[in-house]
Peer 1: 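First the structure, then my questions, so here it is.
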Amino acid sequence: MPGKKQILLNAFNMNSVGHINHGLWAHPRDQSHRYKTLDYWTSLAQTLERGLFDGVFLADIIGVYDIYQDSTDLTVRESIQLPVNDPLLLVSAMAAATKDLGFGVTVNVNSDAPYLFARRMSTLDHLTDGRVGWNIVTGYLDSAARALGQDAQAEHDSRYDRADEYLEVLYKLWEGSWDDNAVLLDKDNRIFADPGKIRPITHDGAFYRSHGYHLSEPSRQRTPVLYQAGTSGRGRQFAARHAECVFITATDKAAARTAARALRQEAVDVGRRPDDIKIFVGATVVTGATQREAEDRHAEYLRYANPEAGLAHFSASTGIDFSKYDLDEQIVYGTSNAIQSATQLAKQRGWTKRQLLAELAIGGRYPAIVGDGSKIADELGAWIEEGEIDGFNLTRTVVPESYEDFVEHVVPALQDRGLYKTHYADGSLRQKIFGEGDRLPSRHPANIYRA
């Protein structure tokens, strides 16, 4: 039906065994241990493209989860995002196996110099013909800071100050170092590029100093699609200035609506449009050919899931060692230097350890939606309308069947309701998502750095 807002979908994944719904690696049909093989990823990419997914969103962390029980023992036993391999190296293989699927890749701003990272992302944008996005993260694990030679993570808000400057350096490189028509490829006159249309950048800031030419010629998008996943006060300010797609965690539609309105208003306050930001909610979907089949599958998954492993993950997110609390003891949710939005959520709900374990029944903390294709489609549509969001990051449960089931049962039901595309639009990832051009729009703050 014309006029309906169409849902955007990312497959939320990680180059690891365990990701969000912990414990399900032990399910006899789960193949997540094959994450080290290329065909595991290329097969996933082809399944997602068959289901017209907008992208695969690859999470990543640097460091390990060592807050719960002041130990990594449970992290190691249940593979709670350990081991975890580099997500960027997957993109070229998946891009070669697909034509339209997009790729959102998480990279911590503390893991690489902006000068080198700019070339890496430009390379991927070239190789994918403009299908790449970057999920900007500032880090929150002290274990990561120690591994990188620091004593601990910097204070929460100062990490965003550093990220702001990181983006400034990148914008100068991506948007300003090469003119659009710098590359001539003139073989007769032996001029590959016009020296007068290429210039070095100059940056001397509080955190970064960079003087040099961008090493890559302009790619289709120049700046990759910018994702971000922070909804603290400072995180929203950062998103309003930079982000095009924002990933939020919401336990219900009202919470999603509150977060979405706050994010869009802050974007407007810095001169952007409300729809310049697409908002995605994390969700777990368990589906089947019938309602009974979906419920049976969900019950089966619950038998393998490990809520305590989910609690260990949440301990790292909040900086609170929940192992020290009795099941019904009141938990002290103080100020966190980890993920502030996670701490605020738990504090608002007043969750005890028992309640947290119930929330984490399937091993993860995102809303679990269970039903046949028709029920799932109706519920996702309700989230879009009532939550005022644009789409979902769908977490995996048992691999590969969770995404195969979604493509088989839910996608047709969404299409029948006019809530989902029936074919890919032409163009880059940015153009597919926003319906405009390949480049960042002129109203984006990066525009001031354009050549």
Side-chain angles (χ1 to χ4, degrees), residues 8-25 27 29-62 78-98 100-108 124 128 131-137 224-225 227-229 245 247 249 280-287 301 305 309-310 313 362-368 391-407 410-411 429:
L8 298 171
L9 285 177
N10 289 321
F12 195 25
N13 215 316
M14 198 169 189
N15 195 358
S16 60
V17 177
H19 180 209
I20 295 296
N21 295 312
H22 297 295
L24 291 173
W25 65 270
H27 191 288
R29 293 194 301 275
D30 185 78
Q31 295 294 307
S32 61
H33 61 278
R34 296 185 57 244
Y35 76 100
K36 306 178 294 295
T37 65
L38 278 181
D39 66 322
Y40 172 88
W41 293 103
T42 55
S43 177
L44 168 66
Q46 289 167 340
T47 295
L48 298 176
E49 184 153 89
R50 189 173 76 251
L52 302 176
F53 273 62
D54 296 280
V56 53
F57 185 104
L58 293 167
D60 192 33
I61 60 164
I62 301 173
E78 282 288 359
S79 189
I80 307 173
Q81 299 185 3
L82 182 73
V84 57
N85 283 353
D86 190 327
L88 272 75
L89 300 181
L90 303 175
V91 173
S92 292
M94 289 193 288
T98 56
D100 289 287
L101 185 70
F103 307 95
V105 188
T106 300
V107 180
N108 189 318
L124 284 180
T128 62
R131 288 190 277 152
V132 71
W134 170 35
N135 178 36
I136 310 160
V137 296
V225 175
Y227 295 80
Q228 193 257 351
C245 300
F247 176 29
T249 300
F280 293 77
V281 164
T284 296
V285 168
V286 181
T287 190
Y301 290 175
H313 186 173
I362 201 167
R365 65 184 184 276
Y366 299 143
F392 301 90
N393 277 356
L394 295 180
T395 66
R396 56 175 161 97
T397 49
V398 172
V399 182
E401 70 185 40
S402 60
Y403 292 126
E404 292 174 343
D405 288 346
F406 189 93
V407 170
V410 181
V411 166
L429 178 59

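It should be emphasised that the depicted structure is a prediction, and the values quoted were computed from it without experimental measurement. The first residue of the sequence shown is numbered 1, and numbering continues consecutively from there.
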Peer 1: Determine yes or no for a side-chain-to-main-chain donor-acceptor pair under 3.5 angstrom, with Y403 supplying the side chain and G51 the backbone.
Peer 2: no
Peer 1: Hey, could you give me the OG1/OH distance between T284 and Y366, rounded to the nearest 0.5 Å?
Peer 2: 8.5 Å
Peer 1: Using the side-chain contact (heavy atoms from CB on, under 4.5 Å) rule, take M14 and I61 through it: C-alpha gap first, then chi angles, then the decisive distance, then the call.
Peer 2: CA-CA 9 Å; M14 198 169 189; I61 60 164; 4.0 Å; yes
Peer 1: Could you check, using the six-membered ring where one of them is a Trp, whether F280 and F57 have ring centers closer than 6.0 angstrom?
Peer 2: no
Peer 1: Which pairs, with at least one residue in residues 85-94 and sequence neighbours excluded, count as a side chain to side chain donor-acceptor pair (under 3.5 Å)?
Peer 2: none
Peer 1: Using 0.5 Å steps for rounding, measure from the OG1 atom of T397 to the NE2 atom of H27.
Peer 2: 8.5 Å
Peer 1: Quick one, V56 with L90, criterion side-chain contact (heavy atoms from CB on, under 4.5 Å). Give me CA distance, side-chain angles, the key distance, then yes/no.
Peer 2: CA-CA 11 Å; V56 53; L90 303 175; over 6 Å; no
Peer 1: Roughly how far, to the nearest 0.5 Å, is the CG atom of N21 from the CG atom of D30?
Peer 2: 11.0 Å
Peer 1: Checking side-chain contact (heavy atoms from CB on, under 4.5 Å) against S32, which of N13, V398, L24, V17 comes through?
Peer 2: V17
Peer 1: Side-chain contact, heavy-atom cut-off 4.5 Å: V407 with T47?
Peer 2: yes
Peer 1: Run the numbers on R34 and V399 for side-chain contact (heavy atoms from CB on, under 4.5 Å), then give the verdict.
Peer 2: CA-CA 10 Å; R34 296 185 57 244; V399 182; over 6 Å; no
Peer 1: According to ring-ring contact (aromatic ring centres under 6.0 Å, His included), who are the partners of H19, at least two apart in sequence or on a separate chain?
Peer 2: F12
Peer 1: Go through the steps to decide whether Q46 and L101 satisfy the test side-chain contact (heavy atoms from CB on, under 4.5 Å), and finish with yes or no.
Peer 2: CA-CA 9 Å; Q46 289 167 340; L101 185 70; over 6 Å; no
Peer 1: OG1/T106 to CD/Q228 distance, rounded to the nearest 0.5 angstrom?
Peer 2: 11.0 Å
Peer 1: Please find the pair of heavy atoms, one from P224 and one from G133, that lie closest to each other, and give the distance.
Peer 2: CB-CA, 4.0 Å
Peer 1: Is it the case that more than 12 heavy atoms not belonging to L52 sit under 6.0 Å from its CG atom?
Peer 2: yes
Peer 1: At their closest point, which heavy atom of G363 faces which heavy atom of A305, and how far apart are they?
Peer 2: N-CB, 3.9 Å
Peer 1: What closest approach, in Å, do P83 and Y35 show between heavy atoms, and which atom pair accounts for it?
Peer 2: CG-OH, 3.1 Å
Peer 1: Roughly how far, to the nearest 0.5 Å, is the CD atom of Q81 from the CG atom of D60?
Peer 2: 9.0 Å
Peer 1: Give, for atom CZ of R396 and atom CD of E401, the distance between the pair rounded to the nearest 0.5 Å.
Peer 2: 13.0 Å
Peer 1: So which heavy atom on Y301 is nearest to which on R29, and how close?
Peer 2: CE2-NH2, 4.3 Å
Peer 1: Closest heavy-atom contact between F392 and A283?
Peer 2: CD2-CB, 4.2 Å
Peer 1: F247 and V281: which non-hydrogen atoms are nearest, and at how many Å?
Peer 2: CE1-C, 3.9 Å
Peer 1: Give a yes or no on this: more than 12 heavy atoms of other residues, nucleotides or ligands lie within 6.0 Å of atom CH2 of W25.
Peer 2: no
Peer 1: Suppose we screen for side chain to side chain donor-acceptor pair (under 3.5 Å). Which residues come up paired with T98, at least two apart in sequence or across chains?
Peer 2: R131
